[in-house]
Amino acid sequence: MAAIELITAAVCPYAQRTHMTLIEKGLDFERREVDLADKPAWFEEISPRSKVPVVKIGDEVVWESAIVNEFLDERFPEPPLMPRAPFRRALARIWIDHCDARFVGDNHDLLFEKDQARRDELRARVAANLRYIETEGMAKLSDGPYWLGEALSLVDLAYYPFFERMAALRHYRGVEIPDDCARIRAWLALMAERESTGATMNGDAYYIERYAKLADAA
Ligand SMILES: N[C@@H](CCC(=O)N[C@@H](CS)C(=O)NCC(=O)O)C(=O)O
């Protein structure tokens, strides 16, 4: 079989999703790191949207992290990272979409917001988003400990990189996971133990330093 190539950047949460998926699948792959501030010509040729991640297996080139991850799950079925039942699969996709459509934007806006009053509004929204995930997502989907139950799924892998990057929000904006979000807290502790997390995580100091200028913290 053709070698699997992951075109990636350590800073990118979407690419981390796919990197973690490859590790969770137990696959051998070659990692090609791209400097997004100085993109090489080979990358522009291979990445239709000029973004990471991209996965290439011979002639098969796939991009967009949520789609890449489902492609990998279908192409390499063991261990399965999506439920089998159509309705549960639909729910998994709804919550993966929720991450990109709702969860990520407010986190990003809060980190980059300069106005104090607007920061307070966004802080409240981020806390509300976390409680929504806790009560409408995790609590209704399963008894845990992962989003969909006993086994890790693509939903866990979609969200985890964004929780890792909340280190910068904690540092610059005082955001904590609310005390009443016990499921999220337990899930984060569990995710921290996974090999795929250990192999791809950057650590709090990396994000704190990386976002210093943009968070206006100097
Ligand atoms: N929706 C895309 C988002 C990927 C994305 O935004 N990647 C960023 C890095 S985190 C990127 O490659 N940016 C380069 C650019 O836009 O020039 C996905 O899920 O794969």
Side-chain angles (χ1 to χ4, degrees), residues 8-20 34-37 49-53 64-66 69 92-141 144 146-147 154-192 194 196-197 200-218:
T8 185
V11 67
C12 178
Y14 304 97
Q16 187 181 1
R17 284 176 171 174
T18 296
H19 193 173
M20 290 178 79
V34 174
D35 178 356
L36 294 173
R49 293 187 180 165
S50 190
K51 290 181 194 287
V52 291
E64 278 298 319
S65 59
N69 284 2
R93 292 188 181 113
I94 285 167
W95 282 97
I96 291 168
D97 177 71
H98 178 83
C99 181
D100 294 2
R102 295 287 167 85
F103 181 61
V104 170
D106 289 335
N107 290 359
H108 184 272
D109 291 351
L110 174 55
L111 191 60
F112 300 139
E113 180 58 55
K114 304 277 179 256
D115 180 74
Q116 285 296 341
R118 178 92 185 108
R119 275 186 195 168
D120 289 343
E121 275 170 37
L122 284 163
R123 238 188 301 272
R125 265 173 50 180
V126 167
N129 291 344
L130 289 166
R131 292 195 169 98
Y132 184 78
I133 281 176
E134 173 84 13
T135 57
E136 299 305 307
M138 288 181 166
K140 289 193 177 165
L141 285 166
Y146 293 102
W147 273 74
L154 293 185
V155 185
D156 301 286
L157 298 176
Y159 280 89
Y160 175 77
F162 294 97
F163 276 88
E164 189 177 301
R165 283 153 183 79
M166 285 183 87
L169 275 184
R170 190 180 318 116
H171 184 83
Y172 294 116
R173 300 289 181 264
V175 171
E176 297 288 351
I177 307 294
D179 286 341
D180 51 1
C181 291
R183 272 289 298 274
I184 296 179
R185 285 167 171 262
W187 170 73
L188 282 172
L190 200 60
M191 288 301 292
R194 293 199 78 95
S196 60
T197 302
T200 62
M201 75 188 304
N202 292 304
D204 291 2
Y206 175 91
Y207 299 115
I208 290 167
E209 200 251 293
R210 184 105 199 171
Y211 293 120
K213 245 197 176 130
L214 290 169
D216 205 19

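All values derive from a computational prediction rather than experimental measurement. Side-chain atoms are counted along with the backbone in the values below, which use heavy atoms only and exclude waters and symmetry mates.
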Legend entry - Partners meeting side-chain hydrogen bond (donor to acceptor under 3.5 Å, both in side chains) with Lys114 (sequence neighbours left out): none
Inset, instruction - Report the C-alpha separation of Val126 and Phe103 in whole Å, then their side-chain angles, then the decisive distance to 0.1 Å, and conclude whether the side-chain contact (heavy atoms from CB on, under 4.5 Å) test is met. - result: CA-CA 8 Å; Val126 167; Phe103 181 61; 5.9 Å; no
Inset, instruction - Could you walk me through whether Tyr146 and Trp95 pass the ring-ring contact (aromatic ring centres under 6.0 Å, His included) test, one step at a time? - result: CA-CA 13 Å; Tyr146 293 102; Trp95 282 97; over 10 Å; no
Legend entry - Spacing of Asp106 atom CG and Arg125 atom CZ [to the nearest 0.5 Å]: 4.0 Å
Legend entry - Value rounded to 0.5 Å, distance of NE2 in His171 from CD1 in Ile208: 5.0 Å
Legend entry - Under the side-chain hydrogen bond (donor to acceptor under 3.5 Å, both in side chains) test, residues paired with Tyr159 that sit two or more places apart: none
Legend entry - Residue pairs fulfilling salt bridge (charged side-chain N to carboxylate O under 4.0 Å, His left out) with at least one residue in residues 201-210, sequence neighbours excluded: Arg170-Asp204
Legend entry - Side chains of Glu64 and Arg49 in contact at under 4.5 Å (non-hydrogen atoms): yes
Inset, instruction - Considering non-hydrogen atoms only, spot the tightest contact between Ser65 and Pro53 and give its length. - result: CB-CG, 3.8 Å
Legend entry - Close aromatic pair by centroid cut-off 6.0 Å: Tyr14 and Phe162: yes
Inset, instruction - Using modelled atom types only, decide if a donor and an acceptor are shared between the side chain of Arg123 and the backbone of Leu110 within a distance under 3.5 Å. - result: no
Inset, instruction - Enumerate the residue pairs fulfilling side chain to side chain donor-acceptor pair (under 3.5 Å) with a member in residues 96-105, sequence neighbours excluded, ordered by first and then second residue. - result: Arg17-Asp100
Inset, instruction - State, without any angle test, whether Tyr207 and Glu164 hold a side-chain donor-acceptor pair at a distance under 3.5 Å. - result: yes
Inset, instruction - Can you sort out the partners of Ser50 under side-chain hydrogen bond (donor to acceptor under 3.5 Å, both in side chains), two or more places apart, ordered by chain and number? - result: Lys39, Glu44
Legend entry - Side-chain (Arg183) to main-chain (Glu134) donor-acceptor, under 3.5 angstrom: no
Inset, instruction - Rounded to the nearest 0.5 Å, what's the gap from OH on Tyr211 to CG on Leu111? Could you check? - result: 7.5 Å
Inset, instruction - Apply side-chain contact (heavy atoms from CB on, under 4.5 Å) to the pair Thr18 and Thr8, showing each step before the final yes or no. - result: CA-CA 9 Å; Thr18 296; Thr8 185; over 6 Å; no
Inset, instruction - Using a 4.5 Å cut-off on heavy atoms from C-beta on, say whether the side chain of Met166 contacts that of Leu130. - result: yes
Legend entry - Separation of Leu157 CG from Ser196 OG (nearest 0.5 Å): 6.0 Å
Inset, instruction - For Met191 and Met20, run side-chain contact (heavy atoms from CB on, under 4.5 Å): C-alpha distance rounded to whole Å, both residues' side-chain angles, the deciding distance at 0.1 Å, then the answer. - result: CA-CA 11 Å; Met191 288 301 292; Met20 290 178 79; 4.0 Å; yes
Inset, instruction - With sequence neighbours excluded, tell me which residues meet side-chain hydrogen bond (donor to acceptor under 3.5 Å, both in side chains) with Trp187. - result: Asp156
Legend entry - Pair Arg118 + Asp109: basic N to acidic O under 4.0 Å: no
Legend entry - Validation row: Met138, Ile184 side chains within 4.5 angstrom (heavy atoms): yes
Legend entry - Sidechain N-carboxylate O distance under 4.0 Å for Arg131, Glu136: no
Inset, instruction - Evaluate the side-chain contact (heavy atoms from CB on, under 4.5 Å) criterion for residues Leu169 and Asn107: first the C-alpha distance (whole Å), next the side-chain angles of each, then the deciding distance (0.1 Å), finally the verdict. - result: CA-CA 7 Å; Leu169 275 184; Asn107 290 359; 3.8 Å; yes
Inset, instruction - Supply the atom-to-atom distance Arg165 CZ to His108 NE2, rounded to the nearest 0.5 angstrom. - result: 12.0 Å
Legend entry - Pair Phe163 + Trp147: ring centers closer than 6.0 Å: no
